[in-house]
2 protein chains.
Amino acid sequence: MSNWKKRLSAEGFRITASRRAVMDVLLATSVPLSPREILEQGRRVHRKLGLVTVYRTLALLEHLRCVRRVHREDGCRGYLPCSPGHSHALICRQCGRAAEFQGFADLQALIARVEEATGYQVDDHLLQLSGLCLDCQS
Amino acid sequence: MSNWKKRLSAEGFRITASRRAVMDVLLATSVPLSPREILEQGRRVHRKLGLVTVYRTLALLEHLRCVRRVHREDGCRGYLPCSPGHSHALICRQCGRAAEFQGFADLQALIARVEEATGYQVDDHLLQLSGLCLDCQS
DNA sequence: CCCTTAATGAAAAGTTTTTTCAACTACAGT
DNA sequence: ACTGTAGTTGAAAAAACTTTTCATTAAGGG
């Protein structure tokens, strides 16, 4: 059983046609999608899908860390499926294609320095990179 | 003359009461403000200020790098004044107070590694930290 | 102190997100 | 399999947010 289904069940949530439609769409994309885009594509597999349900499903799946929300200059609600563990998004500014990467130790070092410099106790971070993917460089 | 006024003039933009109101509000805050909050506070110094103008002014000031837009889980349009040069925001999740920090070399190293790992050519990044400020830790 | 033109604000239009609520259905227990 | 029930859904409506339009205002060079 796919991972997201396990997580829903484990927390007592039901596997419904709408949730399947939303996850199917997200698992098939390599570009962050907005709720409206997810609705449109999702209707191809589940005709009755409604926008409200897309919003609710995304909120739930984000909470369970099955999907990740990416922020961009335009539109702050792009969704991507996310692999287990903490990772970050790297988005092509030309075609939108997204890749994931890990934070490595550099980020820990940076955070430690910032904590020292500011006195804040840092417990979360938002890091996204953008640029050109291999295909778009030519 | 304050820096933001210089930048506006230098690019041929006018120093108006509305723009002064928006910048005054931003320079006085340590918490990211939404366009609506800026409108409300701005009206205390410039009665006729309109919401449309706040949006337009923020877009302009952001373009000129006099203000910075911060993204958060809730609401993706928080504005802060920004110091010259590239820096990042660190926001207290309790009181909202923001601090700035520089990217240091760690970030460059991280980006270089990601470029190597993914083949992308990285040319921009969005980095924000959140945690507890000194006051909120007690 | 004019004049030109950038800038403004109110209203309206367009979007996005949330709330409400009756109907539906996944699935645990029978 | 069948059934009951509580979690889910989707349409409509409300609320919130952002952009467009356009007549009026005023910044600042001459």
Side-chain angles (χ1 to χ4, degrees), chain A residues 1-2 4-25 32-64 66-67 69-79, chain B residues 1-2 4-25 32-64 66-67 69-79:
Chain A
M1 186 155 74
S2 45
W4 66 272
K5 288 185 184 170
K6 278 197 209 111
R7 281 191 236 179
L8 279 183
S9 299
E11 302 281 336
F13 296 104
R14 297 177 178 174
I15 310 300
T16 67
S18 300
R19 289 173 180 166
R20 259 194 308 266
V22 170
M23 271 313 284
D24 281 358
V25 168
L33 299 177
S34 68
R36 184 159 298 278
E37 292 166 329
I38 293 171
L39 173 72
E40 278 155 20
Q41 297 191 29
R43 278 198 163 143
R44 298 212 276 260
V45 299
H46 178 51
R47 277 299 185 74
K48 296 190 298 179
L49 185 62
L51 185 55
V52 184
T53 302
V54 172
Y55 274 95
R56 283 188 291 226
T57 301
L58 289 172
L60 175 63
L61 292 172
E62 185 180 10
H63 177 69
L64 296 178
C66 295
V67 308
R69 176 175 168 193
V70 304
H71 301 242
R72 303 176 63 185
E73 289 318 308
D74 59 314
C76 277
R77 270 182 126 93
Y79 288 90
Chain B
M1 185 155 73
S2 43
W4 67 271
K5 287 184 185 169
K6 276 196 211 112
R7 283 192 235 178
L8 279 183
S9 300
E11 303 280 337
F13 297 103
R14 296 175 180 177
I15 309 299
T16 67
S18 300
R19 288 171 180 167
R20 259 194 308 266
V22 170
M23 271 314 283
D24 281 358
V25 167
L33 299 177
S34 68
R36 172 147 262 108
E37 289 166 333
I38 292 171
L39 173 72
E40 279 155 18
Q41 297 190 30
R43 278 199 163 141
R44 297 213 276 259
V45 299
H46 178 51
R47 275 300 184 74
K48 296 190 297 176
L49 186 61
L51 185 55
V52 183
T53 302
V54 172
Y55 275 95
R56 282 188 292 227
T57 301
L58 289 172
L60 175 63
L61 292 173
E62 184 180 9
H63 177 70
L64 296 178
C66 295
V67 308
R69 176 174 168 195
V70 303
H71 300 244
R72 302 177 64 185
E73 288 318 309
D74 59 313
C76 277
R77 269 184 125 95
Y79 289 89

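Here the structure is a predicted model, which is why all the values come from computation and not from measurement. Protein chains get the first letters and strands the later ones, always in sequence-line order, with residue 1 at the start of each.
Counting to the nearest Å, the P atom of dT9(D) and the CD1 atom of I15(A) are 11 Å from each other. The CZ atom of R19(B) sits 15 Å away from the P atom of dA26(D) (whole-angstrom rounding). The CZ atom of F13(B) sits 15 Å away from the P atom of dG29(D) (whole-angstrom rounding). Distance E11(A) CD to dT8(D) C1': 17 Å, rounded to the nearest Å. Atom CD in E37(B) sits roughly 14 Å away from atom P in dA16(D) (whole-Å rounding). Here the C1' atom of nucleotide dC27(C) and the NZ atom of K5(A) are 15 Å apart, to the nearest Å. In this structure, I38(A) places its CD1 atom 14 Å from C1' of dT16(C), rounding to the nearest Å. Whole-Å rounding puts the L60(B) CG to dA7(C) P distance at 7 Å.
Remark: W4(B) CH2 to I15(B) CD1 distance equals 5.0 Å, nearest 0.5 Å. Separating the CG atom in L61(A) from the CZ atom in F13(A) is a distance of 10.0 Å, to the nearest 0.5 Å. The NZ atom of K48(A) sits 11.5 Å away from atom CZ of R43(A), with the distance rounded to the nearest 0.5 Å. Distance check, rounded to the nearest 0.5 Å: OG1 of T53(B) to CG of L39(B) gives 9.5 Å. A distance of 10.0 Å separates CG of L58(B) from CE of M23(B), quoted to the nearest 0.5 Å. Rounded to the nearest 0.5 angstrom, D24(B) CG and H46(B) NE2 are separated by 11.5 Å.
Put simply, S18(A) has a side-chain N or O that comes within less than 4.0 Å of OP1 or OP2 on dG10(D). Between T16(A) and the phosphate of dT25(C), there is no side-chain N or O to OP1/OP2 separation shorter than 4.0 Å. For the pair R36(B) and dA16(D), the criterion of a side-chain N or O lying under 4.0 Å from OP1 or OP2 is not met.
Closest to the side chain of P35(B), out of dA26(C), dG28(D), dT18(D), is dT18(D). Distances were taken from every side-chain heavy atom of R77(A) (C-beta onward) to each of dT17(C), dG9(C), dT20(C); the shortest belongs to dT17(C).
Contacts of residues 46-55 of chain B with DNA chain D (heavy atom under 4.0 Å): K48(B), L51(B), V52(B), Y55(B).
A donor-acceptor contact under 3.5 Å links the side chain of R56(A) to the base of dG10(D). Counting distance only, with no hydrogens placed and no angle test, the side-chain atoms of R14(B) and the base atoms of dG29(D) include no donor-acceptor pair under 3.5 Å.
The two residues E11(B) and L64(B) come nearest to each other via the heavy atoms CG-CD2, 3.7 Å.
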